[in-house]
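See below for the structure under consideration.
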Amino acid sequence: MEHRDLEKYIPIETFTGETEIDDITSEKKLYVETYGCQMNFADTEIVNGIMKKNGYDITENIDDSAIILLNTCSVREMAEARVLQRLTEIKKYKKNNPNLVVGIIGCMAERMKRDLITKKGVVDLVLGPDEYRRLPSLIDNLIDTGEKGIAVKLSRVETYDDIMPVRKEGISAWLSVMRGCDKFCSFCVVPYTRGRERSRPLDGVTREISALAEEGFKDITLLGQNVNSYKSGENDFSDLLAACAKAVPEVRIRFTTSHPQDLSMKLIETIALYNNICKYIHLPVQSGSNRILELMKRNYTVEHYMKIMYNIKNIIPDVTLSTDIISGFCTENDDDHKMTLDIMSEVRYDGAYMFKYSPREKTKAWQYDDDVDEEIKTKRLMEIVELQRNISEEKNKSLVGKEFEIIVEGISKKSDKMLFGRTDGNKTVIIPLNGSEAGDKVKVKVNKGNSATLFGEAVSLN
Ligand code: SAH
Ligand code: SF4
Ligand code: F3S
């Protein structure tokens, strides 16, 4: 395998003159900056868990740190460009403190491997998403011998099930239930950076979710690139969701992401059955054209997708829906684009994450011609964004007069006289201060809404 020899340390001799590490600061302080999807944010908490167990302190102040890690994303070129730009800024920190350890972890580490060390002088450590247990030993080795470290082997079994993540205080928590992705959509780098699908045992997840509820978390999101593939013995994702709902009946449970190919009726029914499973489904459609879906290797048609939507809306009438859309995929023409706008108008999503296609090396689509002009990609993306903004606004305005339960998250960022919280459907609601605090459940009546936010007032305190 390509990465087998790369997991070994690279001798420092190759890099003489770049790093002279003697004694790391006596306080072992770690600072991690996270880019990318929720899986990466959850992984940062796992990394913090591993490091804390090994005697490190976690700091949120970069100036204070002895070790800086960037947990990175490769999904689009822009995501990588941001990190490469950040590395040039981090050079300055290293200039001021030559003992500083700089590591790249996550998807870019997995994708670019040794190049990150050879091409970016400032990088001391490169660790892929399945190698985080080796972080403390690679740091020790770097400090003892000056050897830069690289570990990018992907695993078929690693789930970090026994690691207790170090989470930030708050009411929301992420909980990884599976890792990797075997779908190989033709545009997507994730199967190459995250490796094969594997699931945590069901009892490990329910144990962790119970502990989180005890700690006071009120809103927990189960995470996986493709949760429909979750498998633990005879149990599938619906069983896991039901087990979690029963284990912590007072806690709201969400999940992301499902793939339309194998979202089952059982899952829809499970969501409908439990009060504490949020009536919110994120189901990426990517395109409204069957020809493009086929080229994307998504393994479903628009008709199949609409059948799922029909079932969801029937079984969960007050469901909130969101999606992902890519504009300007290879060979996309005006008709394909129009079909994407059509499916958006038909489904009427509450929200969408919308992207311009960005070719990624190694993927199947890398071999296709990226033939849609940049200006056309941008124009189509803007039309998609504008349509979604209008639909979101209409949907939010239609909620005026309705009552929802929100969980208060804190003081509004825009006004210290207001609180903000989220509905079951993941919508942010702003209400005037009313004596309630983060974590409280408050019944609110909506009196205004725009495309992004609802405004209301408390009806009663539960
Ligand atoms: N596992 C998740 C999504 C992972 S990536 C899922 O399948 O839903 C999140 C989103 O990024 C994708 O849904 C897709 O819309 C977008 N994306 C992935 N690769 C991309 C690329 N090469 N260019 C543009 N957008 C991309
Ligand atoms: Fe990427 Fe497709 Fe897997 Fe999602 S399902 S992570 S888009 S390959
Ligand atoms: Fe990015 Fe890796 Fe997530 S590529 S989207 S951080 S799985």
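All of these numbers come straight from a predicted model, not from anything done at the bench. Nothing fancy with the numbering, it's 1 onward along the sequence. In listed order, ligands and their atoms are each counted from 1.
The residue K183 has no part lying near ligand 1, judged by heavy-atom distances below 4.0 Å. Counting heavy atoms under 4.0 Å from ligand 2, residue F184 touches it through the backbone alone. Contacts of M39 with ligand 3, taken as heavy-atom pairs under 4.0 Å, are absent altogether. Only side-chain heavy atoms of I326 come within less than 4.0 Å of ligand 1; its backbone N, CA, C and O stay farther off. Proximity of P284 to ligand 2, defined as any heavy-atom pair under 4.0 Å, is not found for any part of the residue. Contact annotation for N226 and ligand 2: no heavy atom of the residue comes within less than 4.0 Å of the ligand. In C107, the part holding a heavy atom less than 4.0 Å from any atom of ligand 3 is the side chain.
Using a 30° and 60° split on the angle between ring planes, Y160 and Y132 fall in the parallel class, below 30°. The aromatic rings of F329 and Y368 stand perpendicular to each other, their planes meeting at an angle above 60°, with 30° marking the opposite boundary.
Using a 4.0 Å cut-off between charged side-chain N and carboxylate O, E80 and R111 make a salt bridge. The pair D318-K279 does not count as a salt bridge, with every side-chain nitrogen at least 4.0 angstrom from each carboxylate oxygen. The residues E215 and R167 are annotated as not salt-bridged, no charged nitrogen and carboxylate oxygen being separated by less than 4.0 angstrom.
Among protein heavy atoms, atom 8 (S) of ligand 2 sits closest to C185 N, 3.4 Å. Residue, atom and distance of the protein heavy atom nearest to atom 19 (N) of ligand 1 are F187 CD1, 3.3 Å. The shortest contact between atom 1 (Fe) of ligand 3 and any protein heavy atom is with C73 SG, 2.4 Å. Residue, atom and distance of the protein heavy atom nearest to atom 24 (C) of ligand 1 are K356 O, 3.3 Å. The nearest heavy-atom contact from the protein to atom 7 (O) of ligand 1 is R298 NH1, 3.9 Å. In this structure, atom 3 (C) of ligand 1 lies nearest to the protein heavy atom Q225 OE1, 3.9 Å. Nearest protein heavy-atom contact of atom 6 (C) of ligand 1 is T257 CG2, 3.7 Å. With hydrogens left out, the protein atom closest to atom 5 (S) of ligand 1 is V75 CG2, 4.0 Å, a heavy atom. When only non-hydrogen protein atoms are considered, atom 4 (S) of ligand 3 lies nearest to S74 N, 3.3 Å. Scanning the protein heavy atoms around atom 1 (Fe) of ligand 2, the nearest turns out to be C188 SG, 2.3 Å. D324 OD2, 3.3 Å is the protein heavy atom nearest to atom 10 (C) of ligand 1. Ranking protein heavy atoms by distance to atom 4 (Fe) of ligand 2, first place goes to Q225 O, 4.3 Å. Protein heavy atom at the shortest distance from atom 11 (O) of ligand 1 is R76 NH1, 3.1 Å.
Using a 4.0 Å cutoff on heavy atoms, M108 does not count as a contact of ligand 3. Under a 4.0 Å heavy-atom criterion, H282 is not in contact with ligand 1. Judged by the shortest distance from any of its heavy atoms, R298 lies inside the 4.0 Å radius around the atoms of ligand 2.
For K94 against L100, the heavy-atom pair with the smallest separation is NZ-O, 3.2 Å. Closest approach of E409 to A438, counting heavy atoms only: O-CB, 3.6 Å. The nearest pair of heavy atoms linking P129 to D43 is CB-OD2, 4.4 Å. Summarising the geometry of L241 relative to I271, their closest heavy-atom pair is CD2-CG1, 4.2 Å, with the distance given to 0.1 Å.
Between Q286 and ligand 1, a contact under 3.5 Å exists for at least one N or O pair. For ligand 1, the polar-atom distance check against R360 finds no nitrogen or oxygen pair separated by under 3.5 Å. Among the atoms of S258, none of the N or O lies under 3.5 angstrom from an N or O of ligand 1. Not one N or O of N226 is nearer than 3.5 Å to an N or O of ligand 1, by distance alone. Looking at ligand 1, you won't find any N or O of V190 less than 3.5 Å from one of its N or O atoms. Looking at S358 next to ligand 1, an N or O pair under 3.5 Å apart turns up.
Coordination check, C37 versus atom 2 (Fe) of ligand 3: failed, since every N/O/S atom of the residue sits at 2.8 Å or beyond. Backbone or side-chain N, O or S atoms of C181 reach atom 3 (Fe) of ligand 2 at under 2.8 Å.
Short contacts between ligand 1 and F355, defined as distances under 4.0 Å to a heavy atom of the residue, involve ligand atoms 10 (C), 11 (O), 15 (O), 16 (C), 25 (N). Those atoms of ligand 3 that come under 4.0 Å of a heavy atom in N40, given as number and element, are 6 (S). Within ligand 1, the atoms closer than 4.0 Å to a non-hydrogen atom of P284 are 8 (O), numbered from 1 in the order shown. Remark: ligand 3 atoms within the under-4.0 Å shell around heavy atoms of Q225 are 3 (Fe), 7 (S). Numbered from 1 in the order shown, with element, the atoms of ligand 2 that lie under 4.0 Å from a heavy atom of V190 read 6 (S). Against a heavy-atom cut-off of under 4.0 Å, H259 is close to the following atoms of ligand 2: 5 (S). Those atoms of ligand 2 with a heavy atom of P191 less than 4.0 angstrom away are 8 (S).
For the residue pair N71/T34, the side-chain donor-acceptor check at 3.5 Å is not satisfied. If you check the side chains of E303 and Y305, you find no donor sitting under 3.5 Å from an acceptor. Judged by distance alone, the side chains of E393 and N450 never bring a donor and an acceptor atom under 3.5 Å apart. Judged purely by distance below 3.5 Å, without hydrogens or angles, the side chains of N228 and Q261 never pair a donor atom with an acceptor atom. Under 3.5 Å, the side chains of D324 and Q286 contain no donor-acceptor pair of N or O atoms. Side-chain contact of S232 with N235: a donor-acceptor pair under 3.5 Å is absent, judged by distance alone.
Test Q388, K395, R389, E394 against S392 for side-chain hydrogen bond (donor to acceptor under 3.5 Å, both in side chains) and you get one pass: Q388. If you run salt bridge (charged side-chain N to carboxylate O under 4.0 Å, His left out) between K338 and each of D336, D335, D342, D334, only D342 comes through.
The closest side-chain heavy-atom distance from T331 to R291 is below 4.5 Å. Side-chain contact between F355 and I325 is absent, with no heavy atoms from C-beta onward closer than 4.5 Å.
Residues F237 and F255 bring their aromatic ring centres within 6.0 Å.
No more than 12 heavy-atom neighbours from other residues, nucleotides or ligands sit within 6.0 angstrom of NZ on K364.
For atom 5 (S) of ligand 2, the nearest non-hydrogen atom from the set E197, M39, Q261, K183 comes from K183.
Atom CD of residue E405 and atom CG of residue N275 lie 10.0 Å apart, to the nearest 0.5 angstrom.
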